[in-house]
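What follows is a single structure, written as structure tokens, with notes after it.
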Amino acid sequence: MTSDAPTTPPALTLDDVRAAAARLRGEIVDTPCLRSRTLSAMTGCEVVLKFENLQFTASFKERGAYNKMAQLTPAERASGVLAVSAGNHAQGVAYHAQRMGIPATIVMPRFAPAVKVENTRRFGATVVLEGDTFDDARAHGLALARERGLIVVHPYDDLAVMAGQGTIALEMLAQHPQIDTLIVSVGGGGLISGIATAARALRPDIEIVGVQTERFPAAWCAKHDSAREAGQATIADGIAVKVPGALTLPVIRRQVDDVLLVDEDDIEQAILLLLEIEKTVVEGAGAAGLAALVKHPSRFRGRHVGLVLSGGNIEPLMLAEIIERGMVKS
């Protein structure tokens, strides 16, 4: 006798994140997690930065990609993997697939930044440019995976991927146990779901705050019981996701305290601050956490805040334009 009752999706646990950390040991860069004296003085709180933009592919996405592929069977590895991504996830999958000897096909929408397309090809992946929207690219990729029998490595809606991203929280809290607030950018929700699961299990009193752009506010809408249309484009292309994942959204609702919105000018200002103060290059999504901190200083005053600089893959021309606009404003 079968039941038609809906099944509860499996939940991510601290043990999953710890197992991911064991798999990742020696396979990714142990990125610095450092206090910023200048940003702390500017914002009125203690600011700790996790430099995930210093991963080999300049993004945290390597963590989840490797953790997923490390658990594939020999037969699954031989058949190959497929990922649909506009950038950082594509590079993470391609890079570790090459290291592990796994054939990789990456489907990217036609608007994907050229630097990310070329970097993905450089890692030996077969790149398929398809679709004028991410949804079109995803539909094509899923059809291709079915047709060719490839294992899909989802950019966020997968427990193994979420667990890999959550290892960031283990590292941050081990090095800086005084952190009482984590500010994390949100696109599909894989990063904040993994981080929130691990951090909340270790420190039930910790505050987890998500950040989205005003142009792509899906998680903000879910937390605030609101409805807003998504825009067409944002400087933070890494978090330009219209709908969070089926696995990540319940975690966001349950484990994340709040989601804040920032606009394009806020993100540009944060990119410039990190360039000028920390001498580090971040992309729009990587600067979103600092953008929220600078926009809402009273919200975090006196707290010990951890920020994840999630990625550094920004088009050189875009960075040049941001610098030029910043010079004009100043």
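Numbers for residues simply follow the sequence, beginning at 1.
- No more than 12 heavy-atom neighbours from other residues, nucleotides or ligands sit within 6.0 angstrom of CZ on R37.
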* To do: Might you work through the side chain to side chain contact (heavy atoms under 4.5 Å, CB included) test for T234 and E264, ending with a clear yes or no?
  => CA-CA 7 Å; T234 170; E264 303 298 291; 2.9 Å; yes
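- By the 4.5 Å heavy-atom criterion applied to side chains, I208 and Q255 are not counted as neighbours.
- Taking CE of M162 as the reference point, atom NE2 of H154 lies at 11.0 Å (rounded to 0.5 Å).
- Annotation: side-chain hydrogen bond (donor to acceptor under 3.5 Å, both in side chains) contacts involving residues 39-51, sequence neighbours excluded, comprise T31-K50, R35-E46, K50-E171.
- Two residues are said to be in side-chain contact when any heavy atoms from C-beta on lie closer than 4.5 Å; L49 and T280 fail this criterion.
- The hydrophobic cluster containing L170 also contains V256, counting ILVMFWY residues as joined when their side-chain heavy atoms lie under 4.5 angstrom apart, directly or transitively.
- For the pair P103 and A78, the tightest heavy-atom approach, listed with the atom from each and the gap, is CG-O, 4.1 Å.
- Counting heavy atoms from C-beta outward, L39 and L293 have side chains that stay 4.5 Å or more apart.
- Counting all heavy atoms, side chain and backbone alike, L249 lies closest to A222 at CD1-CB, 3.7 Å.
- For the salt bridge (Lys or Arg N to Asp or Glu O under 4.0 Å) test, residues two or more places apart in sequence or in another chain that qualify with R200 are D257.
- Taking each heavy atom of V211 and A292 in turn, the nearest pair found is CG2-CB, 3.5 Å.
- Applying the salt bridge (Lys or Arg N to Asp or Glu O under 4.0 Å) criterion to D265, with sequence neighbours excluded, gives K329.
- Grouped with Y95 in one hydrophobic cluster are F56, F123, the linkage being side-chain heavy-atom contacts under 4.5 Å among Ile, Leu, Val, Met, Phe, Trp and Tyr residues.
- Summarising the geometry, atom CG belonging to L307 is positioned 6.0 Å from atom CG belonging to L290; distances are rounded to the nearest 0.5 Å.
- Shown here are the ring-ring contact (aromatic ring centres under 6.0 Å, His included) partners of H304, two or more places apart in sequence or in another chain: there are none.
- Within 6.0 Å of CG on D225 lie no more than 12 heavy atoms contributed by other residues, nucleotides or ligands.
- Within a 6.0 Å radius of CD in E229, other residues, nucleotides and ligands contribute 12 heavy atoms or fewer.
- Annotation: the span from E214 atom CD to D263 atom CG amounts to 5.0 Å, rounded to 0.5 Å.
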Identify all side-chain donor-acceptor contacts of residues 83-93 below 3.5 Å with residues at least two apart in sequence or on another chain.
{"residue": "S85", "atom": "OG", "partner": "G87", "partner atom": "N", "Å": "2.9"}
{"residue": "S85", "atom": "OG", "partner": "A90", "partner atom": "N", "Å": "3.0"}
{"residue": "N88", "atom": "OD1", "partner": "N313", "partner atom": "ND2", "Å": "2.7"}
{"residue": "N88", "atom": "ND2", "partner": "E283", "partner atom": "OE1", "Å": "3.0"}
{"residue": "N88", "atom": "ND2", "partner": "E283", "partner atom": "OE2", "Å": "3.1"}
{"residue": "H89", "atom": "NE2", "partner": "V153", "partner atom": "O", "Å": "2.8"}
{"residue": "Q91", "atom": "OE1", "partner": "N119", "partner atom": "ND2", "Å": "3.2"}

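- Surrounding CG of L34 are more than 12 heavy atoms belonging to other residues, nucleotides or ligands, all under 6.0 Å away.
- Between P155 and K61, the shortest heavy-atom distance links the atoms O-NZ, 3.3 Å.
- H96 places a side-chain heavy atom less than 4.5 Å from the side chain of I28.
- Linking Ile, Leu, Val, Met, Phe, Trp and Tyr whenever their side-chain heavy atoms come within less than 4.5 Å puts I206 and L191 in one cluster.
- Both I151 and Y66 are members of a single hydrophobic cluster when ILVMFWY side chains are connected at heavy-atom separations under 4.5 Å.
- For the atom pair CD of E62 and CG of L24, the computed distance is 9.5 Å after rounding to the nearest 0.5 Å.
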Indicate every side-chain donor-acceptor pair of residues 14-23 with a distance under 3.5 Å to a residue at least two apart or in another chain.
{"residue": "D16", "atom": "OD2", "partner": "T13", "partner atom": "N", "Å": "3.0"}
{"residue": "D16", "atom": "OD2", "partner": "T13", "partner atom": "OG1", "Å": "3.1"}
{"residue": "R23", "atom": "NH1", "partner": "N67", "partner atom": "OD1", "Å": "2.8"}

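- M69 and V152 fall into different hydrophobic clusters, where Ile, Leu, Val, Met, Phe, Trp and Tyr are joined by side-chain heavy atoms under 4.5 Å apart, directly or via other members.
- With values rounded to the nearest 0.5 angstrom, S79 atom OG is found 6.5 Å from L150 atom CG.
- Inter-residue side-chain proximity for P32 and L54 is flagged as met; some heavy-atom pair is nearer than 4.5 Å.
- One hydrophobic cluster, built from ILVMFWY side chains closer than 4.5 Å, holds both L273 and V282.
- A salt bridge (Lys or Arg N to Asp or Glu O under 4.0 Å) check over residues 78-106, counting only residues at least two apart or in different chains, returns the pairs E27-R99.
- Evaluation of the ring-ring contact (aromatic ring centres under 6.0 Å, His included) test over residues 216-242, restricted to residues two or more places apart or in two chains, returns W220-H224.
- Contacts of V281 classified as side chain to side chain contact (heavy atoms under 4.5 Å, CB included), with partners at least two apart in sequence or in another chain: L275, I314, L319.
- Every residue two or more places apart in sequence or in another chain that forms a salt bridge (Lys or Arg N to Asp or Glu O under 4.0 Å) with D266 is listed here: K295.
- Closest approach of V128 and H140 over heavy atoms only: CG1-NE2, 3.9 Å.
- Atom CD in E207 sits 13.0 Å away from atom CD1 in I179 (nearest 0.5 Å).
- Grouping Ile, Leu, Val, Met, Phe, Trp and Tyr by side-chain contacts under 4.5 Å, direct or through others, puts Y156 with V241.
- Taking the side chain as every heavy atom from C-beta outward, L12 and V251 never approach each other to under 4.5 Å.
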